[in-house]
Amino acid sequence: MLKTHSCGELRSEHIGQTVTLAGWVNKRRDMGGVIFIDLRDRAGKAQVVVDAGRSADAFAAAAGVRGEYVVQVTGQVSRRPAGQENTGLPTGEIEVLADRVVVLNTAKPTPFPIDRDDAVDETVRLRYRYLDLRRERMQRNLVLRHNAVKFIRDFLGARGFIEVETPILFKSTPEGARDYLVPSRVHPGKFYALPQSPQQLKQLLMVAGYERYFQIARCFRDEDLRADRQPEFTQLDMEMSFVERDDVLNLIEELMVGMVKAVSLVPLAHEQFPRLSYAEATERFGTDRPDLRYGLELVDIGDIAGSSAFRVFAENVAAGKRVKAICAPGCGTYSRKQLDDLEAMARAQGAKALAWLAIQPDTGEIRGPIAKFFTVDQLIALTERLDAKPGDLILIASDSKAIVHNALSALRTELARRLGLTDEKKLAFAWVIDFPLFEEAMEEGHFAPSHHMFTAPKPEHIPLLDSDPAAVLSQQYDLVCNGYEVAGGSIRIHDQTLQAKIMSLIGFSMEQAREQFGHLLEAFEFGAPPHGGIAPGIDRLMALMAGEPNIREVMAFPKTAQATDLMADAPSVVLPRQLDELQLAIKAKS
RNA sequence: GGGGGCGUGGUGUAGCGGUUAACACGUCGGCCUGUCAAGCCGAAGAUCGCGGGUUCGAUCCCCGUCGCUCCCGCCA
């Protein structure tokens with residue numbers, strides 16, 4: 001080894017020892033007769049003192065050293081002179097008096113500062129990702145990620161789970177997200193697909209009798225990116241046999257609480273995860289992945305608004321549509337412009353308009369274009385139901401349930417941001433359960449599965465499959481945190497008759513089923529145990545636990561929003577010979 | 001596929017229809033034996049993303065394009 005100790009591990013108990021360190025020059029301060037070098041390695045930083053009076057050779061070497069040079073230093077750990085301690089550094093009580101300084105490698109000036117956490121253009125960070133990864137923030141995040149994944153492996157291993165690797169080259173199924181395809185050279189014209197998740201394979205492992213499986217699994221989806229979506233991402237994929245829904249929920253809750261306590265930089269908001277039905281979540285928050293760090297809940301005012309003189313509300317209520325409102329504390333003095341901005345957000349979600357009532361801070365008088373259509377009693381009833389105070393702003397949307405919920409959910413998120421309610425660094429986990437088995441909107445005259453077609457209905461709802469399929473609730477469950485979906489799963493169907501019924505309801509023919517899932521359906525004929533599973537998204541969880549605003553910050557080599565790698569320049573053109581081997585030709589752009 | 005934001009020395013920013021394009025950090029050189037975002041003195045470094053247009057004149061206004069980013073669609 002070229003070092004006896006890590007820079008960051010040195011403490012006062014090392015005083016007197018002669019150590020050899022190796023690392024990068026974080027900072028060099030040249031005082032003329034003495035040169036200070038902050039030497040950095042993964043463990044941290046230590047101050048090296050190169051004194052011309054102690055070693056002329058070391059001093060000469062240190063004189064030529066520059067930032068990010070790779071340097072080996074041998075010297076004596078010494079207590080810093082009284083008053084010279086650096087309380088901002090874990091190694092701040094000591095320093096290393098250099099007897100020998102060896103430059104192991106030089107470095108060009110870096111394109112951006114390594115020793116500071118200043119914002120740097122994303123293009124530059126990604127192009128020089130290996131330098132970005134040298135920075136404290138990224139090292140902290142990747143260490144957090146390692147610790148979290150290690151916690152998961154230990155936790156699940158201790159509970160009888162075994163980790164099994166599944167293929168990256170697998171079979172394309174047109175269901176769900178767009179697949180990344182890999183052409184086969186051996187079978188020209190045929191393609192593998194990279195897995196969107198190991199869904200089928202983990203169910204097959206249950207049929208195979210493994211009972212408790214997990215995998216830190218890379219998944220691929222060829223869809224457009226977001227701050228919380230990359231083309232390749234990592235799931236904790238897991239599946240268990242002979243379990244019921246609450247077994248999975250309780251286990252994952254224990255895992256999450258333990259993991260957050262052990263490794264997270266952001267603490268839990270509460271240790272008991274609330275369980276909301278899909279219906280309750282959407283009614284109260286307008287979304288199935290609510291941010292529970294704040295209130296601003298949606299309140300139904302259909303009865304009051306429907307009996308008002310405002311015709312839009314009255315007609316909508318008569319037609320079975322909804323009128324719901326949200327109270328924004330202290331926003332009663334919003335300007336025309338601010339209100340227009342909010343209305344634009346509502347319109348972007350499909351609302352035709354956004355009504356508002358502002359309660360004057362001093363007089364309590366209620367103003368707004370629609371105020372005159374309400375009686376005093378109705379206004380009093382409204383403010384009481386919304387718990388609105390003088391100075392508050394009431395925003396009202398009326399339309400179909402879906403539009404009202406989408407619009408008010410978007411407004412709720414925006415208002416929380418404006419009011420600083422999302423600044424609090426806490427993790428507010430919650431379960432969302434009792435999802436409808438099918439999507440509300442029919443697709444081409446058929447039902448569409450709201451999760452996937454292997455999700456089991458609630459046992460007591462199975463009879464409804466014949467009478468009222470839209471009312472059937474499933475054994476799907478999502479874990480949400482701060483407005484993000486961080487895990488999704490379900491108890492699966494293991495009964496062939498039930499599976500066939502579901503497939504026919506979603507318009508899936510037996511031939512289609514056999515072509516795409518034949519291996520799975522066949523496997524289920526050989527004694528499939530009751531089973532269920534879940535797949536927490538590792539990247540999103542890491543971003544939340546690191547307090548980062550996007551998942552790129554917790555991935556070593558992420559891609560841009562255009563799905564490119566700026567460092568390696570991928571994707572790239574390939575040689576004609578490579579295409580020939582695959583019997584592929586590039587179509588001219590139409 | 002659509003919409004918003006951003007693009008000015010290496011980095012972060014300022015600027016604005018006419019400037020010698022400003023500042024900080026960094027870089028390079030000099031001074032300095034207790035600094036730790038060291039300090040002081042000096043220097044270099046920018047086709048203002050790219051292309052076109054408007055204009056006597058464009059970094060600035062307009063159009064297009066490229067890149068980064070956020071959002072909608074999409075993501076069973």
Side-chain angles (χ1 to χ4, degrees), chain A residues 26-39 45-54 59 66-68 78 80-89 91-92 95 97 107-128 131-132 173-179 196-197 199-200 219-231 233 341 344-345 347-350 406 410 413-414 417 435 437-439 443 447-455 474 476 485 488 490 502 506 508 516-517 535 537 549-550 552 558-562 564 566:
Chain A
N26 194 64
K27 203 80 185 176
R28 171 181 171 278
R29 290 178 296 278
D30 186 344
M31 313 304 295
V34 63
I35 297 171
F36 296 95
I37 293 174
D38 290 339
L39 198 62
K45 290 179 284 197
Q47 173 165 282
V48 173
V49 185
V50 190
D51 192 324
R54 184 180 176 97
F59 188 81
R66 294 294 179 269
E68 298 308 311
S78 167
R80 289 196 185 192
Q84 300 292 335
E85 300 85 0
N86 184 343
T87 50
L89 221 53
T91 61
E95 58 192 5
L97 307 179
K108 295 200 292 187
T110 53
F112 53 86
I114 306 298
D115 59 318
R116 282 203 309 258
D117 189 30
D118 292 358
V120 176
D121 185 78
E122 194 81 10
T123 315
V124 182
R125 289 182 64 194
L126 291 175
R127 164 141 163 58
Y128 299 96
L131 295 179
D132 193 28
T173 54
E175 306 299 303
R178 194 177 293 112
D179 283 324
Q196 296 173 25
S197 79
Q199 180 62 38
Q200 298 175 43
C219 306
F220 306 85
R221 293 180 190 174
D222 188 3
E223 297 291 351
D224 288 329
L225 279 62
R226 288 288 187 281
D228 62 345
R229 278 164 31 190
Q230 283 268 312
F233 58 100
D341 286 350
M345 296 196 67
R347 286 177 186 273
Q349 297 298 322
N406 287 342
T413 307
E414 172 64 16
R417 194 186 63 77
F435 282 79
L437 185 62
F438 301 114
E439 298 277 352
E443 281 179 11
F447 289 99
S450 101
H451 187 48
H452 57 59
M453 68 170 84
F454 307 113
T455 299
S474 76
Q476 180 196 341
E485 179 193 329
S490 63
I502 301 289
I506 62 179
F508 221 67
Q516 289 179 29
F517 305 111
N550 67 68
R552 291 189 304 278
K559 292 179 177 56
T560 70
Q562 303 305 314
T564 63
L566 294 179

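To find a chain, count down the sequence lines: A is the first, B the second, and so on, and within it residues start at 1. All of these numbers come straight from a predicted model, not from anything done at the bench.
When all heavy atoms of A/Ser197 and A/Arg221 are compared, the closest pair comes out as CB-NH2, 4.2 Å. Heavy atoms only, all atoms of each residue included: A/Arg552 and A/Lys559 are closest at CD-O, 3.8 Å. Across every non-hydrogen atom of A/Glu414 and A/Met345, the tightest pair is CG-SD, 3.5 Å. The shortest non-hydrogen separation linking A/Ile502 to A/Leu437 is CD1-CD2, 3.6 Å. Here the closest non-hydrogen pair linking A/Arg66 and A/Arg28 is NH1-CZ, 3.7 Å. Smallest separation of non-hydrogen atoms from A/Ser450 and A/Glu439: CA-OE2, 3.5 Å.
B/G3 and B/G39 have their P atoms separated by 48 Å, given to the nearest Å. Rounded to whole Å, the separation between the C1' atoms of B/G49 and B/U69 comes to 16 Å. Across B/C50 and B/G9, the matching P atoms stand 10 Å from one another, rounded to whole Å. Taking atom C1' in both B/C75 and B/U65, the straight-line distance is 29 Å, to the nearest Å. The gap from the P atom of B/C60 to that of B/U8 amounts to 13 Å, rounded to the nearest Å. Nucleotides B/C28 and B/A44 are separated by 7 Å at their C1' atoms, to the nearest Å. Separation of the P atoms belonging to B/C16 and B/U33 is 46 Å when rounded to the nearest angstrom. Comparing the same atom, P, in B/U20 and in B/C48 gives a spacing of 16 Å after rounding to whole Å.
Across B/C70, B/G1, B/G10, the shortest atom-to-atom separation from the side chain of A/Asn550 is found for B/C70. Between B/G73, B/U35, B/U69, one nucleotide has an atom nearer to the side chain of A/Arg226 than all others, and that is B/G73. Residue A/Met31 places its side chain closer to B/A38 than to any other of B/U69, B/A38, B/C28. Listed candidates were B/U35, B/C75, B/C71. Nearest to the side chain of A/Ala177 is B/C75. Across B/C70, B/G34, B/C74, the shortest atom-to-atom separation from the side chain of A/Arg552 is found for B/C70.
Residue-level contact check: A/Arg80 touches the bases, meaning some heavy atom is under 4.0 Å from a base atom. If you check every strand for non-hydrogen atoms under 4.0 Å, A/Ser450 touches sugar and phosphate atoms only. Using a 4.0 Å heavy-atom cutoff across all strands shown, A/Glu95 reaches at least one base atom of the nucleic acid. If you check every strand for non-hydrogen atoms under 4.0 Å, A/Glu122 touches sugar and phosphate atoms only. Among the atoms of the strands shown, base atoms are found under 4.0 Å from some heavy atom of A/Pro81. Note on A/Gly67: nothing from the nucleic acid sits closer than 4.0 angstrom, heavy atoms only. Base engagement by A/Gln199 is indicated by at least one non-hydrogen atom pair under 4.0 Å involving a base atom. Using a 4.0 Å heavy-atom criterion, one finds that A/Thr413 contacts no nucleic acid atom at all. Counting non-hydrogen atoms under 4.0 angstrom, A/Arg127 reaches nothing in the nucleic acid. Counting non-hydrogen atoms under 4.0 angstrom, A/Asp30 reaches a base of the nucleic acid.
Nucleotide B/A43 is matched to B/U27 when pairs are restricted to Watson-Crick or G-U wobble geometry with both distances under 3.5 angstrom. When both pairing distances are held under 3.5 Å, B/G67 makes a Watson-Crick or G-U pair with B/C6. Nucleotide B/C61 has B/G53 as its partner under the Watson-Crick or G-U criteria, with both atom distances under 3.5 Å. Of all nucleotides present, none satisfies the Watson-Crick or G-U wobble test against B/C48 with each distance under 3.5 Å. The pairing partner recorded for B/G34 is none, the criterion being a Watson-Crick or G-U wobble arrangement whose two distances lie under 3.5 angstrom.
One atom, NZ of A/Lys108, and another, C1' of B/G10, lie 11 Å apart when rounded to the nearest Å. Per the geometry, CG belonging to A/Asp132 stands 14 Å off P belonging to B/U11, to the nearest Å. Atom CD of A/Glu414 is separated from atom P of B/C72 by 12 Å (rounded to the nearest Å). If you measure from atom CZ of A/Arg347 to atom C1' of B/G73, you get 20 Å, rounded to the nearest angstrom. Protein atom CG of A/Asp115 is 14 Å distant from nucleotide atom C1' of B/G12, rounded to whole Å. Atom CG of A/Asp228 and atom C1' of B/C71 are 11 Å apart (whole Å). Rounded to whole Å, the distance from CE on A/Met345 to C1' on B/C71 is 9 Å. Atom pair A/Arg66:CZ and B/C28:C1' shows a separation of 9 Å (rounding to whole Å applied).
Counting atom types as modelled, A/Arg116 pairs no side-chain N or O with a base atom of B/G26 as donor and acceptor under 3.5 Å. Between the side chain of A/Asn86 and the base of B/C36, a donor-acceptor pair under 3.5 Å is found. A donor N or O paired with an acceptor N or O is found under 3.5 Å between the base of B/C74 and the side-chain atoms of A/Arg229. For B/U33, its base sits under 3.5 Å from the side chain of A/Asp51 at one donor and acceptor pair at least. Evaluation of atom-type donor-acceptor distances gives no pair under 3.5 Å for the side chain of A/Asp121 against the base of B/G7.
Between B/A37 and A/Lys27, no contact under 4.0 Å exists linking OP1 or OP2 to a side-chain N or O. At the phosphate of B/A38, OP1 or OP2 sits under 4.0 Å from a side-chain N or O atom of A/Arg29. Phosphate contact (OP1/OP2 of B/G73, side-chain N/O of A/Arg178, threshold under 4.0 Å): absent. In this model, the phosphate group of B/C68 is approached by a side-chain N or O of A/Thr564 to a distance below 4.0 Å at OP1 or OP2. A close approach under 4.0 Å does occur between a side-chain nitrogen or oxygen of A/Gln84 and OP1 or OP2 of B/U35.
The aromatic ring of A/Phe36 is stacked on the base of B/U35, with the two ring centres less than 5.5 Å apart and the planes inclined by under 30°.
Between A/Val50 and A/Ile37, the closest side-chain pair of non-hydrogen atoms falls below 4.5 Å.
Residue-to-nucleotide proximity on RNA chain B shows that, of A/Val120 and A/Leu566, the 5′-proximal contact is made by A/Val120. Comparing A/Ala119 and A/Thr123 by the nucleotide of RNA chain B whose heavy atom lies nearest to each, the residue mapping closer to the 5' end is A/Ala119.
Salt bridge annotation for A/Asp38-A/Arg29: present, with a cationic side-chain nitrogen under 4.0 angstrom from a carboxylate oxygen.
Residues forming a salt bridge (charged side-chain N to carboxylate O under 4.0 Å, His left out) with A/Arg125 (at least two apart in sequence, or on another chain): A/Glu122, A/Asp132, A/Glu553. Listed by chain and residue number, A/Lys337 satisfy the salt bridge (charged side-chain N to carboxylate O under 4.0 Å, His left out) test with A/Asp341 (two or more places apart in sequence, or in another chain).
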